[in-house]
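The next block holds one structure in the form of structure tokens; read it before the comments.
Letters go in sequence order (proteins before strands), and every chain restarts at 1.
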Amino acid sequence: MSKKILLIDGNSLAFRAFYAMYQQLDRMVTPEGLHTNALVAFNNFLESIVLPMQPDMGLVAWDAQSGRETFRGDLYADYKAGRDKAPAEFKEQFPYLREMVEAHGLHNYEQVGLEADDIIGTLSRIGQAAGDQVIIITGDQDLTQLVTDDVTVKLAKKGVSQVEVYTPDFIMNEFGITPEQIIDKKALTGDTSDNYPGVTKVGEKTALKLLKQYHDLDNLYAHVDEMKPSKMKENLINDKEQAYRAQKLATIITDAKLSIGLKDITYNGPEEKGLVNLFEKLHFKQALNKLRAHTLFDDVGQIAEESEKKQGDFQTVHPLSKSALERLVKEDYLAFHIETSGENYHQADMLAFSIGNDEVGYYGSRDFTFFDNDLLRQIVEGSQTKLRVFNAKEHWVLLHRLGLTLGAVDFDFLLVAYLLDTVGNDNVLSTLAGRFGRYLASDEEVYGKGAKFTVPEEEKVLIDHVGHKAETIFGLRDQAFSDLDEHEQSHLYRDIELPLSFVLAKMEAQGFKVNEARLEKMGQEMDEQIASLKQEIYQMAGEEFNINSTKQLGTLLFEKMGLPVIKKTKTGYSTAVEVLEKLAPEAPIVEHILAYRQLAKLKSTYVDGLLSVVNPADQKVHTRFLQTLTQTGRLSSVDPNLQNIPMRTEAGRKIRHAFVPSHDGWQIFGADYSQIELRVLASITGDPAMEHAFVEDEDIHAETARKVFGLPEDAPIDPDQRRTAKAVNFGIVYGISDYGLSKNLNIPRKEAKSFIETYFREFPRIHQWMGQIKERAHKDGFVETIEHRRRYLPDINAKNFNTRSFAERTAMNSPIQGSAADIIKIAMIKVSQAIEAKGMAANMLVQVHDELVFECPESELDELRDTVTKVMDSAVKLAIPLKVESHSGPTWYEAK
DNA sequence: TCATTCACG
DNA sequence: ACGTACGTGAATGAG
């Protein structure tokens, strides 16, 4: 029977793997200092390309590392000379590559005096002779000379993630020659990477033309005299010897004496123990996770049936019962989890829930009438049992929907994992648990993803999954808390993030009332304007096209109309606002396009978008504030995003008229921190000049302008000077660069540079701090806020200038943005407590980074203003006073 | 699913 | 020389 033989060119593929992931070189390092980028890519290759092939035999051939040179070196002294030596970061990965090959069930082979090509060439002919099917995988086109009807070459593309399949037909179609002719093609062109010449001035095009005419090298030289005189003819004659030498160098040996045969290279498939061992050594968290969950093997349907058994480290999950509740209710600590069918827990179906601990065991159920049971209510609502959960905010809302309150939460694994390390946090229990070495089937495996989402038919599968979640959460607490403690983040968790999650849950559940009729009316008016703009644009363009398509718009503006190209994107011409504004004076159509864009955005995102998420039951939008997403500690808001409702233009700002209080006679009240980020900066740097400006409550941008332009203290500042100074202040907060400032202000880079230099002279402590924080980031690999919120910067020591510079700017910006986030979070908790303590009816509705929005009875307005302002400006004791401004009115429009 | 654009702080 | 301002989310077109 015909067998499938897989022969892999180890050197060329490892080399490609290394350079494919070269940008990642600096971040892929084990704690022991071993670079792993090539290993990661090579492992992906073995998993995604080799594993599914399921060959009968498999071998990875390597170039001889030491010993005698190959015959090619004897033939031509400069063979492979001048080739860059493999970098040390690559070489150190070699031994592990071989270990990896073995763990994946393949064999390694190398032999003194041979290159990998020759080993593959020889074995391919042996396999062919035995009537087997041979597949060669390589990154080197040379090997395609081996192709026959029984020998296929898969040439790696895009690093090692894809392959192109070379068959005799493919080569004929692509190059118009046979596989054997590839050798003579090489003879004519030579090979720059192996450093041997062919015929002068003959490249791929010429070589193919010659081969089509003369078929091979011998025949070509037999007829070379008949060629009409030309430079090429001269070159062919002069370089004849070189061409024949190149032919020999390019020819892969197919009859080498090897010390192994086909019987020695049987493929056994991946070996779990070996892989686990290797992955642990290399700190391959993801690969381990995949392995433990058995998806690696499931991919090829190998041991799918066994996977359930092997999952194994979990206790049995029991169906919940009343007698179980009697035992559970006596426990001090229990893990608790409700499983939903979708991300948006305000509306998602609740599928099942689980509860338990290691002593009493784990219980699951799909029967939500259990929540009428007093014992279960006592557990989740009371203060006796401390709960361990994954996402307290979500569970608060879910219980709220069931008519219950969430009682005492001790451990929220999601929050803790986020505080410990924001990088790569995907908010998914299975992956976060994997970081702590606990492996759990992912939701995707149990339910499928996207449109394929289905709840398992068998109840037991579902109950087991939710039960295992509870057990995982329960078991993570000690390790997670001790890590928190080590980071000095217990206060941040216990006194800020965890209480905040309850405040946010209440805000989300409360919702923001929307005046749908008003929004619909605005929508109609916009539609009319959009339609007429559209017609005008078509008329001016002389044709109809999709104005929303940047591609079509680019073609019109830059090709048909011939306007100058200001900026390009990866995929074509940029048509962004700043570009169109520069073009506006040249073509009147551009103004219309800008107006169209603005209206189209408002209509689709804010009118239609908002209307589509209003809950018809209460005419409210219920956003979700993502508390564990941003890298800086800010919140974000989704479904809908209430943190980017228009403000800067009047047309957009009108949208805010549709955000109204939920009761008649109530008002919307907004309070915002003035210049909080600059105040934070002044406070943590202790800069006297800046401190003075804030203590005296000066206009900070005007004050900055006086410093930067060297003006006396009470000098008047013109609007342009103030605008420039404001941009400089922004730049400082973002981690300034002259390039960025010059682009923002549309001024020469030199000028921007001199602004920055003057700024740093005038505010010396800020300059000093910027240096210190970068230094610390380089040393520690992370930076911190005033409340010890941490941001890791994996790129801070990158070799690439851009990558590293980005990390350095982040190092300067994150403590500022993050500390401001700390402050408003603390204020939110305190405001919420104050409202409750005073028995006020007011509701906090939205947080927009430096601003809080409330609704309250008109009669409560004065008290609310007083309370909120006081709590906000005294939330945290800083060296610089915090300033709060507030507004109120019948809608959100007036409250800012 | 990715890239672009634009809304906010 | 290098070529980016910091942090987000939603809609759209195009592959």
When you measure from the side chain of [X], which nucleotide among [options] comes out closest?
X	options	value
A/Thr605	C/dT4, C/dA11, C/dT8	C/dA11
A/Arg809	B/dT5, C/dA5, B/dA7	C/dA5
A/Lys601	C/dT4, C/dG9, C/dG13	C/dG9
A/Ser549	B/dA7, B/dG9, C/dG13	C/dG13
A/Thr632	C/dA5, C/dG9, C/dG7	C/dG7
A/Met647	B/dC8, B/dT4, C/dA10	B/dC8
A/Asn548	C/dG9, C/dT12, C/dG7	C/dT12
A/Leu626	C/dG3, C/dA5, C/dG9	C/dG9
A/Thr571	C/dG7, C/dT12, B/dT4	B/dT4
A/Ser737	B/dG9, C/dT8, C/dT4	C/dT4

Counting just side-chain N and O atoms, does [X] come under 4.0 Å of either OP1 or OP2 of [N]?
X	N	result
A/Arg597	B/dC6	yes
A/Lys551	C/dG15	yes
A/Thr569	B/dT4	yes
A/Asn644	C/dT8	no
A/Arg634	C/dG7	no
A/Arg648	B/dC8	yes
A/Asn641	B/dC8	no
A/Ser637	C/dG9	no

Task: Selection: residues 525-535 of chain A, any non-hydrogen atom under 4.0 Å of DNA chain C - done: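 Of all residues in residues 525-535 of chain A, none places a heavy atom under 4.0 Å from DNA chain C.
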Open item on the list: For C/dC2, is there a stacking contact with A/Phe801, counting only centres under 5.5 Å and planes under 30°?
Closed with: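 No, the aromatic ring of A/Phe801 does not stack with the base.
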Remember a base hit wins even if backbone is also touched, and classify [X] as base, sugar-phosphate or nothing at under 4.0 Å, heavy atoms.
X	result
A/Ala807	nothing
A/Ile816	nothing
A/Glu851	nothing
A/Gly735	nothing
A/Asp608	nothing
A/Arg749	base
A/Asn800	nothing

Take atom [atom1] of [X] and atom [atom2] of [N], then tell me their distance rounded to the nearest Å.
X	N	atom1	atom2	result
A/Ile566	B/dT5	CD1	P	13 Å
A/Lys799	C/dA1	NZ	P	23 Å
A/Arg656	B/dA7	CZ	P	13 Å
A/Ile645	B/dC6	CD1	P	18 Å
A/Leu553	C/dT12	CG	P	16 Å
A/Asn344	C/dG9	CG	C1'	15 Å
A/Gln552	B/dT5	CD	C1'	16 Å
A/Ile823	B/dG9	CD1	C1'	15 Å

Would [X] and [Y] count as having a side-chain donor-acceptor pair, cut-off 3.5 Å?
X	Y	value
A/His701	A/Asn729	yes
A/Ser549	A/Asn546	no
A/Arg765	A/Thr685	no

Task: Heavy-atom side-chain proximity of A/Leu580 to A/Arg597 below 4.5 angstrom - done: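 Touching, per the 4.5 Å side-chain cut-off.
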Open item on the list: Within the 4.5 Å heavy-atom criterion, are A/Phe763 and A/Lys707 side-chain neighbours or not?
Closed with: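 A side-chain contact exists here, since the closest heavy-atom pair is under 4.5 Å.
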Task: Donor-acceptor pair under 3.5 Å, A/Thr550 side chain vs B/dT4 base - done: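 It does not, because no donor-acceptor pair links the side chain of A/Thr550 to the base of B/dT4 below 3.5 Å.
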Open item on the list: Using a distance-only criterion (donor-acceptor N/O pair, under 3.5 Å, no hydrogens), is the base of B/dC8 paired with the side chain of A/Gln643?
Closed with: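 No, the side chain and the base share no sub-3.5 Å donor-acceptor pair.
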[X] and [Y] ion-paired at < 4.0 Å:
X	Y	answer
A/Lys449	A/Asp443	no
A/Glu508	A/Lys393	yes
A/Glu445	A/Lys452	no
A/Arg804	A/Asp795	no
A/Glu578	A/Lys567	yes

Open item on the list: Tell me whether A/Arg653 forms a cation-pi arrangement with A/Tyr893, defined as NZ or CZ under 6.0 Å from the six-membered ring centre and within 45 degrees of its axis.
Closed with: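 Checked: cation-pi criterion met.
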- [ ] Using the criterion of both pairing distances under 3.5 Å for Watson-Crick and G-U wobble pairs, give all stems of 3 or more consecutive pairs involving DNA chain C.
- [x]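 Stem list for DNA chain C: B:1-9 with C:6-14.
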Task: Smallest separation among heavy atoms of A/Thr628 and A/Asn425, with atom names - done: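 Closest approach of A/Thr628 to A/Asn425, heavy atoms only: O-ND2, 2.8 Å.
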- [ ] Describe, in one word, how the ring planes of A/Phe512 and A/Phe659 are oriented to each other, choosing from parallel (under 30°), tilted (30 to 60°) and perpendicular (over 60°).
- [x]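 Perpendicular.
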